J.: 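Just dropping this structure here.
Start at 1 with the first residue, then count along the sequence. Values in this document were obtained by computation on a predicted structure and should not be read as measured data.
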Amino acid sequence: MRRLDDEARRLAGAIDEATGGTVRDCVVEADRAIVLIAPEDMAQVIGEGGGRIRDLEERVGRDLKLVADAPTPEGLIGNALEPAAVGAVTIEDREDERVAVAQVDPADRGVAIGRDGRNVAAAETLAARHTDVDRVEIDTA
């Protein structure tokens, strides 16, 4: 787990206590938190019909963007862009940066980007903390 600030540690502890799921990272933003969860614990954290996570969101007073951890940068970025169906993620070296390009169906482009770019921002935040990827792009070609 990356170094967490006090608020992120409290939130990770609350998730662990309420769900028993393993939190691998937590980034607290103004109105939500991006929470990296051990993949084997995702169902347990979400709960039946999403009930456990909804209850937890109410208790902590913020939206929670849950992302299943993955062993590769491509997998992590693809998971962060869910619920969009990501076909493939490739990593490209461009001038002074590494860019992850996620292939998505044109119909899923908006979902992959998210409202106000929030899904792409979550993918970039996690990529910066856990990989050497600098930027995430969505490609529908």
Side-chain angles (χ1 to χ4, degrees), residues 1-16 18-141:
M1 187 183 302
R2 299 287 172 204
R3 187 169 200 75
L4 304 180
D5 63 24
D6 289 342
E7 189 174 2
R9 270 195 306 278
R10 281 192 295 274
L11 183 55
I15 293 168
D16 178 57
T19 70
T22 302
V23 176
R24 294 196 174 155
D25 195 7
C26 181
V27 179
V28 177
E29 298 177 333
D31 62 342
R32 75 168 178 174
I34 304 165
V35 185
L36 190 62
I37 302 289
E40 64 273 11
D41 293 344
M42 282 295 283
Q44 177 179 324
V45 172
I46 293 168
E48 187 174 335
R52 186 172 293 130
I53 195 62
R54 278 193 306 276
D55 291 346
L56 187 57
E57 286 175 328
E58 280 185 34
R59 196 167 96 207
V60 301
R62 67 176 66 243
D63 290 337
L64 301 174
K65 164 80 173 160
L66 301 179
V67 177
D69 199 2
T72 65
E74 295 87 351
L76 178 64
I77 291 164
N79 290 348
L81 295 173
E82 289 183 358
V86 178
V89 177
T90 56
I91 309 290
E92 301 175 2
D93 289 313
R94 297 183 188 166
E95 296 184 23
D96 292 339
E97 65 181 356
R98 293 199 59 163
V99 179
V101 180
Q103 299 290 326
V104 299
D105 185 275
D108 260 358
R109 184 177 191 277
V111 174
I113 293 170
R115 180 178 31 138
D116 298 325
R118 291 170 62 116
N119 278 352
V120 169
E124 286 181 338
T125 296
L126 291 174
R129 289 173 67 90
H130 296 275
T131 74
D132 61 353
V133 171
D134 302 303
R135 192 163 46 90
V136 176
E137 292 181 359
I138 305 299
D139 186 11
T140 57

J.: Pick one: which of Ile37, Ile46, Val45, Leu11 meets side-chain contact (heavy atoms from CB on, under 4.5 Å) with Leu64?
T.: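 So the option named by the test is Leu11.
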J.: How many angstroms lie between atom OG1 of Thr72 and atom NE2 of His130, to the nearest 0.5 angstrom?
T.: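 Taking OG1 in Thr72 and NE2 in His130, the distance rounds to 13.5 Å.
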J.: If I compare all heavy atoms of Asn119 with all of Ala112, which pair ends up nearest, and what's the gap?
T.: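 Taking every non-hydrogen atom into account, CB-O, 3.0 Å.
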J.: Could you walk me through whether Ile138 and Gln103 pass side-chain contact (heavy atoms from CB on, under 4.5 Å), step by step?
T.: CA-CA 6 Å; Ile138 305 299; Gln103 299 290 326; over 6 Å; no
J.: Measuring from atom CD1 of Ile15 to atom CZ of Arg52, what distance do you get when rounded to the nearest 0.5 angstrom?
T.: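 Output value for this atom pair is 12.5 Å.
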J.: In terms of side-chain geometry, is the basic nitrogen of Glu57 or Arg54 positioned less than 4.0 Å from the acidic oxygen of its partner?
T.: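 Judged by the 4.0 Å cut-off on N to carboxylate O distance, Glu57 and Arg54 do not form a salt bridge.
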J.: Measuring from atom CG of Asp41 to atom OG1 of Thr19, what distance do you get when rounded to the nearest 0.5 angstrom?
T.: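 So the gap between those two atoms works out to 7.5 Å.
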J.: Between Arg98 and Asp134, does a salt bridge (Lys or Arg N to Asp or Glu O under 4.0 Å) hold up when you go through it step by step?
T.: CA-CA 5 Å; Arg98 293 199 59 163; Asp134 302 303; over 6 Å; no
J.: Between Arg135 and Val101, is there a side-chain heavy-atom distance shorter than 4.5 Å?
T.: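 In short, these two side chains do not touch, never coming nearer than 4.5 Å.
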J.: Measure across Gly21 and Asp16 and return the closest heavy-atom pair with its distance rounded to 0.1 Å.
T.: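 Of all heavy-atom pairs spanning Gly21 and Asp16, the closest is O-OD1, 3.3 Å.
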J.: So, taking the atom named CD in Glu137 and the one named CD1 in Ile113, what distance separates them when rounded to the nearest 0.5 Å?
T.: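 Answer for the CD-CD1 pair, Glu137 versus Ile113, is 11.0 Å.
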J.: Glu82 versus Val111: any side-chain heavy-atom pair under 4.5 Å?
T.: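 SC-SC contact between Glu82 and Val111 ruled out.
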J.: Do you know which two heavy atoms are closest between Ala14 and Val60, and how far apart they sit?
T.: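 So the minimum-distance heavy-atom pair works out to CB-CG1, 4.4 Å.
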J.: Verify side-chain contact (heavy atoms from CB on, under 4.5 Å) between Ile91 and Glu74, making sure each step is shown before the conclusion.
T.: CA-CA 7 Å; Ile91 309 290; Glu74 295 87 351; 3.3 Å; yes
J.: Of all heavy-atom pairs between Val89 and Ala100, which one has the smallest distance, and what is that distance?
T.: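 In this case the closest contact between Val89 and Ala100 is CG1-CB, 4.0 Å.
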J.: Please name the pair of heavy atoms, one in Cys26 and one in Arg129, separated by the smallest distance, quoted to 0.1 Å.
T.: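 In this case the closest contact between Cys26 and Arg129 is O-NH2, 4.3 Å.
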J.: Measure the spacing between CG of Leu126 and CZ of Arg24 and express it to the nearest 0.5 Å.
T.: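 So the CG of Leu126 and the CZ of Arg24 are separated by 12.5 Å.
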J.: What residue among Thr22, Asn79, Asp69, Val67 forms side-chain contact (heavy atoms from CB on, under 4.5 Å) with Pro39?
T.: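 Of all the options given, the one that passes is Asp69.
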J.: Taking salt bridge (charged side-chain N to carboxylate O under 4.0 Å, His left out) as the definition, give me every residue that meets it alongside Glu92, ordered by chain and number, with sequence neighbours left out.
T.: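 In terms of salt bridge (charged side-chain N to carboxylate O under 4.0 Å, His left out), with neighbours along the sequence ignored, Glu92 is linked to Arg94.
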J.: Look at Glu7 together with Arg62 and state whether they make a salt bridge at an N to O cut-off of under 4.0 Å.
T.: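 Looking at Glu7 and Arg62, the cut-off is met.
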J.: To the closest 0.5 Å, what do you measure between CG (Leu76) and CG (Leu81)?
T.: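 Reported value, rounded in 0.5 Å steps: 9.5 Å.
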J.: Under a 4.5 Å cut-off applied to non-hydrogen side-chain atoms, are Asp108 and Pro83 in contact?
T.: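 No, every pair of side-chain atoms sits at 4.5 Å or beyond.
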J.: Do Lys65 side-chain atoms and Ala80 backbone N/O form a donor-acceptor pair below 3.5 Å?
T.: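 Yes.
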J.: Quick check against the 3.5 Å criterion: does Asp105 have a side-chain atom that pairs as donor or acceptor with the backbone of Ala107?
T.: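 Side chain of Asp105 to backbone of Ala107, a donor-acceptor pair under 3.5 Å: yes, one is there.
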